[in-house]
Protein chains: 2
Amino acid sequence: MRMTSQREIILEELRNTKSHPTAEELYLKVKRRLPRISLATVYRNLEKMVELGLIQKIATSGHQSRFDGNPNFHYHIRCIHCGKVDDLPIRPIKALDNPENIELDGDLGGYKLVGFHLEFLGVCPECINKTENN
Amino acid sequence: MRMTSQREIILEELRNTKSHPTAEELYLKVKRRLPRISLATVYRNLEKMVELGLIQKIATSGHQSRFDGNPNFHYHIRCIHCGKVDDLPIRPIKALDNPENIELDGDLGGYKLVGFHLEFLGVCPECINKTENN
DNA sequence: TTAAATGCAAAAAGTTTGCACACGC
DNA sequence: GCGTGTGCAAACTTTTTGCATTTAA
């Protein structure tokens with residue numbers, strides 16, 4: 001992978017963010033430092049870094065995808081009101097840490113089990129406030 | 001809710017399918033019986049039926065949403081190759097059957113936990129065959 | 001009769017792609 | 001110098017919406 005300033009700065013800005021930005025949010029941040037960068041370049045680079053395992057893509061159901069500069073496994077919680085995603089510092093769930101541990105009540109219909117996708121849902125502090133003040 | 005022939009036939013076709021069709025797949029099926037129906041009507045009705053709890057929406061990350069005529073809770077498995085979704089007849093996972101059962105290793109960052117979304121990933125029989133024959 | 005539902009077409013939202021040019025190695 | 005990467009604009013995919021018309025209750 002050729003190291004371009006675009007690539008470097010995209011990764012840097014993503015790693016410097018605790019939030020899990022969408023491609024567009026990240027594009028706007030990077031644009032401050034590289035005003036001529038295009039959104040397509042951000043998408044292309046994010047996709048490539050995901051393939052290389054440098055970052056994670058959080059393909060949030062139905063919404064814009066978000067990206068996480070931390071490539072290590074951890075859980076996420078998504079706000080059902082504003083769509084924001086944060087890290088959730090809980091212990092790995094034993095029943096799910098290995099496909100072989102999953103208890104079956106029948107067969108898999110011929111599927112080969114590969115893994116799972118688990119995402120927690122909640123209401124973030126900001127949205128709790130908004131709701132209370134209405 | 002007013003009962004129109006569109007609404008009736010959409011629900012009927014969805015319930016008659018073991019697969020979990022996308023709005024477009026379902027539209028094509030319904031169109032055979034109601035040739036003048038529009039895709040927008042299918043989307044509008046599916047959305048309404050989800051709100052009423054008559055059906056489930058499977059908002060598969062990054063892909064088209066799929067719909068499930070069975071409103072009762074059960075797990076799904078998604079083929080990582082073709083995107084197909086099937087039911088997975090496994091027992092509910094204890095650690096996750098209630099938000100209060102989730103073991104925490106820290107705080108929730110101010111989030112109010114509401115639930116979770118769990119989807120299994122695998123390779124479907126058809127795609128296992130395709131892969132083997134290459 | 002009248003409010004809700006429909007069909008159509010156009011818009012919206014998010015992401016990807018074709019292409020000519022730029023630039024890292 | 002070669003080939004990957006970039007910027008731009010246009011295309012694409014999925015879903016939603018505005019509006020005039022139809023229809024169930």
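Sequence lines set the chain letters: A, B, ... in the order given, protein chains first and strands last, and positions in each chain run from 1.
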Rounded to the Å, how far apart are Leu39(B) CG and dA11(C) P? 18 Å

Contact under 4.0 Å: Thr41(A) side-chain N or O vs dG7(D) OP1/OP2: yes

How is Arg36(B) classified with respect to the nucleic acid when contacts are heavy atoms under 4.0 Å: base, sugar-phosphate, or nothing? sugar-phosphate

Take atom CZ of Arg7(B) and atom P of dA24(D), then tell me their distance rounded to the nearest Å. 12 Å

Please report the distance, rounded to the nearest Å, between CD1 in Ile10(B) and C1' in dG7(C). 13 Å

When we call it a touch if two heavy atoms are under 4.0 Å apart, what does Ile37(A) touch: a base, just sugar-phosphate, or nothing? sugar-phosphate

Between P on dG5(D) and CD on Glu47(A), what's the gap in Å once rounded to a whole number? 14 Å

Nearest-nucleotide check on DNA chain D, Pro35(A) vs Met3(B); residue mapping nearer the 5' end is Pro35(A)

Do the charged groups of Arg33(A) and Glu13(A) touch, with an N to O distance under 4.0 Å? yes

Integer-rounded Å distance: dC8(C) P and Tyr27(B) OH: 8 Å

Indicate whether OP1 or OP2 belonging to dT16(C) is found under 4.0 Å from a side-chain N or O atom of Tyr43(A). no

Whole-Å gap separating C1' (dT6(D)) and CG (Asn45(A)): 9 Å

Arg66(B) side-chain N/O to Ile58(B) backbone N/O, donor-acceptor pair under 3.5 Å: no

Looking at Lys48(A), does any N or O in its side chain come under 4.0 Å of the phosphate oxygens OP1/OP2 on dT4(D)? no

What integer distance in Å separates Glu51(B):CD from dT16(D):P? 11 Å

Between Thr4(A) and dT6(D), is there a contact of a side-chain N or O with OP1 or OP2 at under 4.0 Å? yes

Would you mind classifying the nucleic acid contact of Ser65(A) as base, sugar-phosphate or nothing, using non-hydrogen atoms under 4.0 angstrom? sugar-phosphate

Donor-acceptor side-chain pairing of Asn72(A) and Asn70(A) below 3.5 angstrom: yes

Measure distances between side-chain N and O atoms of Arg44(B) and base N and O atoms of dG7(C), and say whether any donor-acceptor pair falls under 3.5 Å. yes

Describe the nucleic acid contact of Gln6(B) in one word from base, sugar-phosphate, nothing, applying a heavy-atom distance below 4.0 Å. sugar-phosphate

Hey, what's the ring geometry for His76(B) with His20(B), parallel, tilted or perpendicular (30° and 60° as the breaks)? perpendicular

On a heavy-atom basis, the closest approach of Ser65(B) and Ala59(B) is OG-CA, 3.8 Å

I need the CG-C1' distance between Leu46(B) and dT14(D), as an integer number of Å. 14 Å

Considering only heavy side-chain atoms of Arg2(B), the closest of dT17(C), dG5(D), dA5(C) is dA5(C)

